[in-house]
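Atoms considered below: every heavy atom in the structure, side chains included; atoms not considered: hydrogens, waters and symmetry mates.
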Amino acid sequence: MVDDNLRWKVLERTYLSRHIYFTARKDRCQRPDGKIVPEYFVVELPPSVCVLPLTDHDEVVMIRQYRHPLGEVLLEIPGGFVDKGEDPALAIRRELLEETGYAFDEVIPLGKTAANPGVLDNYTHLYLAKNGKKVQAQHLDPNEEIEIVLVPLADLKGMLLRHELVQSMHTVCLFYALLQMGQLAWA
């Protein structure tokens with residue numbers, strides 16, 4: 001339930017940068033107690049999606065790619081941004097085909113989460129995809145170089161516990177997907 005008694009009023013909004021994947025703004029706000037917050041910085045991003053994709057042989061279709069902000073090559077699950085007006089469930093199917101060439105019989109929504117709502121204004125929609133089959137070659141964006149890695153589902157929980165997967169939205173997705181599949185239990 002939203003408590004409107006805590007909601008701030010935006011008095012002024014100034015854009016510092018406008019780009020499809022990085023729009024930054026400075027807001028001047030008033031809190032409910034009347035106090036003025038002179039500068040609150042927000043990064044606007046499109047909604048995003050990520051998925052635990054399982055083949056029909058219980059292998060997780062993972063991707064390995066270079067992440068420039070960290071300067072590292074990371075093992076991740078597929079995902080990406082939702083295009084304007086696109087349904088997140090369609091976006092994840094599109095991203096799966098583009099990044100991996102796999103299509104899936106079933107895509108199950110697991111919820112959504114916010115990476116850092118103190119700065120970022122978007123949600124990441126989480127999915128579990130089942131019964132995947134390779135149906136085409138990858139169709140990568142110009143700056144993408146993605147290696148497909150098939151990981152046995154039985155190995156995934158150990159990889160999470162050993163911190164081999166570090167992308168936070170992806171680890172949250174994997175947690176909920178493993179819970180959904182009965183691979184994790186509450187203690």
Side-chain angles (χ1 to χ4, degrees), residues 20-21 45-67 69-70 72-117 120-141 143-187:
I20 188 171
Y21 298 121
L45 292 171
S48 61
V49 290
C50 62
V51 61
L52 186 159
L54 279 176
T55 69
D56 52 357
H57 298 293
D58 277 343
E59 294 172 305
V60 181
V61 182
M62 301 193 77
I63 59 176
R64 188 181 323 275
Q65 65 181 324
Y66 175 70
R67 292 301 194 179
L70 295 178
E72 296 179 27
V73 175
L74 299 180
L75 184 62
E76 301 177 336
I77 55 177
F81 287 115
V82 177
D83 291 338
K84 189 172 180 108
E86 185 179 31
D87 180 80
L90 293 177
I92 198 56
R93 287 183 181 277
R94 175 183 50 75
E95 288 289 343
L96 282 164
L97 275 173
E98 289 173 4
E99 292 184 358
T100 70
Y102 279 77
F104 293 80
D105 292 342
E106 189 176 8
V107 175
I108 302 163
L110 301 172
K112 65 182 181 180
T113 188
N116 184 355
L120 305 176
D121 76 339
N122 74 326
Y123 281 99
T124 299
H125 299 267
L126 314 173
Y127 292 92
L128 168 63
K130 293 183 174 179
N131 299 317
K133 294 175 183 59
K134 184 83 168 178
V135 297
Q136 69 179 42
Q138 294 171 293
H139 289 108
L140 301 176
D141 292 337
N143 291 330
E144 285 182 319
E145 287 185 59
I146 293 176
E147 175 189 341
I148 298 168
V149 179
L150 297 178
V151 174
L153 177 60
D155 294 349
L156 188 62
K157 190 162 61 167
M159 294 171 72
L160 275 168
L161 294 174
R162 290 187 301 274
H163 302 279
E164 293 175 24
L165 309 168
V166 300
Q167 212 283 23
S168 63
M169 293 295 91
H170 294 190
T171 59
V172 170
C173 183
L174 294 175
F175 169 80
Y176 283 113
L178 290 171
L179 199 61
Q180 168 80 20
M181 293 185 300
Q183 299 288 318
L184 289 179
W186 293 105

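Formation of a donor-acceptor pair under 3.5 Å by the Q138 side chain with backbone atoms of L140 is not found in this model. Between the side chain of Q180 and the main chain of A177, no donor-acceptor pair closer than 3.5 Å is present. D121 contributes a side-chain N or O that, together with a main-chain N or O of L45, makes up a donor-acceptor pair within less than 3.5 Å. Remark: the backbone N or O of P46 is paired with a side-chain donor or acceptor of N122 at under 3.5 angstrom.
Of the candidates E76, E144, E99, Q65 forms a side chain to side chain donor-acceptor pair (under 3.5 Å) with just one, namely E76.
If you take CG on N116 and OG on S168, they are separated by 9.0 Å, rounding to the nearest 0.5 Å. The CD1 atom of I146 lies 9.0 Å from the OG1 atom of T100; values are rounded to the nearest 0.5 Å. Expressed to the nearest 0.5 Å, how far CE of M62 lies from CG of L174 amounts to 6.0 Å. Separating the CG atom in L74 from the NE2 atom in H170 is a distance of 9.5 Å, to the nearest 0.5 Å. With rounding to the nearest 0.5 angstrom, the OG1 atom of T55 is 12.0 Å from the NZ atom of K134. For the atom pair CZ of F175 and CG of L52, the computed distance is 13.5 Å after rounding to the nearest 0.5 Å.
Side chains of T124 and S48: a donor on one and an acceptor on the other come within 3.5 Å.
Residues meeting the ring-ring contact (aromatic ring centres under 6.0 Å, His included) test with F81, sequence neighbours left out: Y21. With sequence neighbours left out, E145 forms a side-chain hydrogen bond (donor to acceptor under 3.5 Å, both in side chains) with no residue at all. Remark: E95 pairs with no residue by the side-chain hydrogen bond (donor to acceptor under 3.5 Å, both in side chains) rule, at least two apart or across chains.
Around the OH atom of Y123, the shell of radius 6.0 Å holds no more than 12 heavy atoms that belong to other residues, nucleotides or ligands. Counting heavy-atom neighbours within 6.0 Å of Y176 OH, excluding the residue itself, gives a total of 12 or less.
Salt bridge present: K133 and D56 bring a charged side-chain N and a carboxylate O closer than 4.0 Å.
Nearest heavy atom pair, residue A115 against residue M169, reads CA-CE, 3.5 Å.
The side-chain heavy atoms of K130 and I108, taken from C-beta on, include a pair separated by under 4.5 Å.
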